[in-house]
Q: 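Once you've had a glance at the structure underneath, I'll fire off some questions.
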Amino acid sequence: MTFGSEASDVDFGKLAATFGTPLYVYDADALTWQYQGLRESLHPSLEIFFSLKSNPNVSVCAVLHALGARAEVSSLTELLTALRAGVDPDNIIFLGPGKSRAEISACLAEGVHAIVCESFGELGRINEMALDRGQVARVALRVNPAFAVKGSRLTMGGRPRQFGIDEAELLARPDLGEEYPGVRLTGIHVYMGTRILDENVVVENTRRILDLAERLSARIGFPLEMVDIGGGLGVAYFDGERDLDVRALTEQLNPVIEKFHAAHPNTRMIMELGRYLSAPAGVYLAQVLYTKESMGEHFAITDGGTHHHMAAVGTGSFVKRNFPIRLLNRPTTDATEPWQVTGPLCTPNDTLGKNVPLPALRPGDLIGVLRSGAYGPTASPVQFLSHGYPAEVLIWEGSAHLVRERDRPEDLLGRQRLHPALSPEAGGRAMASDVRPAPA
Ligand SMILES: *Cc1c(COP(=O)(O)O)cnc(C)c1O
């Protein structure tokens, strides 16, 4: 069960030999399985938008687009990625608390479905920029709700946040719609948090968000063309966690959606999902370089680590919890002892797994960190120790394609400039000799 929930017959040894390690491997079948599993049970009027933040690889985005997913983006490059993957601008929304002029300008030029606005300052800027272009911008308001629902790993509502506009502030501005002639308010967006593994929390969030959307649109007086209920659906990573039960979720959620849909048949309803779609479809593949013992513990030092997979290292949490880790080149060998699976970085934090039960390891073994398709390299310090970005491969219709090249030293060094006066050919050498201690 390497990818998704189906047995996988991927030959990781061949992938390592062909593409080198460390390597991210994404499986289109697993993306499909995860997407369709939800899509087939979910109320048809609730559209699924893929949050590119979780995995911005253009081929991953294209697989999900081919399945019917739309796109939620938060930077200029993410917008360009979604467009390149073939997503129609009317199926793209752009959010984020600090949109630049270039980003707003691109949203207006491309005609995205909605710019999700997160502050009054931004609303003013969108208004100005739209008027300059002779356009009326379609804007959804991101709301920081007064309520919070417990059960997500990062709770958004009910506290001061840089995201969205406070519910109370919006309720106090009934004339908001008329104040910005370059803006047409079209909807409401609320994101309540991430890594939710409790079906009831998703349902309760949705219920409250839909209620809030109705109250705000009535108060401010704009028709609800769209409501984005966020999402934040999680996947199980650690011992003691379980995946969401899609049937239990949709049995409760669909009636809530149906009720709103019946009352607002022309409102687009959006759920934005990152991790839920992409995490199960990715494996981080690293190769054991050396094994050794230190004070009675077994260490496997691999070529992969924190710089590519910060999430597996688990910084921020007090107790390190392991992602699912497997020996992939000898998958049927029984685990016999606990291993510290570490990386090449010169910091003790560079530990992919602590006390991982594995067979006796040897150099050349292939270690897979499963469920790694979300918040992998793009959410990691890939430049640390100047290692650079790993290669990424997509398995599509049974064969593996390179979908991102590994950074080479010349790629990393090519971005730097050696100050001419410090180059060995110029004054640098003279300066250095000035401070060199005299030979004894
Ligand atoms: C990060 C983020 C997402 C994606 O979150 P997941 O937990 O990966 O699904 C969606 N919407 C907003 C506003 C976000 O900040």
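By convention here, the first residue in the shown sequence is residue 1. Just so you know, these numbers come straight off a predicted model, no measurement behind them. Indexing begins at 1, ligand by ligand and atom by atom, following the structure's order.
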Q: Can you name the atoms of ligand 1, numbered from 1 with element, that are less than 4.0 Å from a heavy atom of Arg275?
A: 6 (P), 8 (O), 9 (O)
Q: Could you say whether the N/O atoms of Gly274 and ligand 1 ever approach to under 3.5 Å?
A: yes
Q: Identify, by atom number and element, the atoms of ligand 1 in contact range of Glu72, meaning under 4.0 Å from any of its heavy atoms.
A: 10 (C), 11 (N)
Q: Below 3.5 angstrom, do we get any N/O pair linking Thr194 and ligand 1?
A: yes
Q: Out of Gly164, Gly232, Ser51, whose heavy atom sits nearest atom 4 (C) of ligand 1?
A: Ser51
Q: Under 3.5 Å, N or O to N or O, is Tyr276 touching ligand 1 that way?
A: no
Q: Where's the contact between Arg142 and ligand 1, heavy-atom distance under 4.0 Å: side chain, backbone, both or neither?
A: side chain
Q: With a 4.5 Å heavy-atom cut-off, do Arg406 and Glu392 have their side chains touching?
A: no
Q: Which residue pairs pass the ring pair (Phe, Tyr, Trp, His ring centres under 6.0 Å) test with at least one member in residues 376-401, sequence neighbours excluded?
A: His307-His387
Q: When you measure from the centre of the six-membered ring of Tyr237, is the NZ or CZ of Arg371 under 6.0 Å away and within 45° of the axis?
A: no
Q: Whether Asp411 and Arg408 form a salt bridge (side-chain N of Lys/Arg under 4.0 Å from carboxylate O of Asp/Glu) is what I want to check.
A: yes
Q: Hey, which atoms in ligand 1 end up nearer than 4.0 Å to a heavy atom of Lys53?
A: 1 (C), 2 (C), 3 (C), 14 (C), 15 (O)
Q: With the threshold set at 4.0 Å, does a side-chain nitrogen-carboxylate oxygen contact exist between Glu128 and Arg125?
A: no
Q: State yes or no: are the ring centers of Phe238 and Phe323 separated by less than 6.0 Å?
A: yes
Q: Does the ring of Phe120 carry Arg173 above it, NZ/CZ under 6.0 angstrom from centre and within 45° of its axis?
A: yes
Q: Taking N or O atoms only and a 3.5 Å limit, does Tyr191 qualify as a polar contact for ligand 1?
A: yes
Q: I'd like to know whether ligand 1 has Tyr375 as a neighbour, heavy-atom separation below 4.0 Å.
A: yes
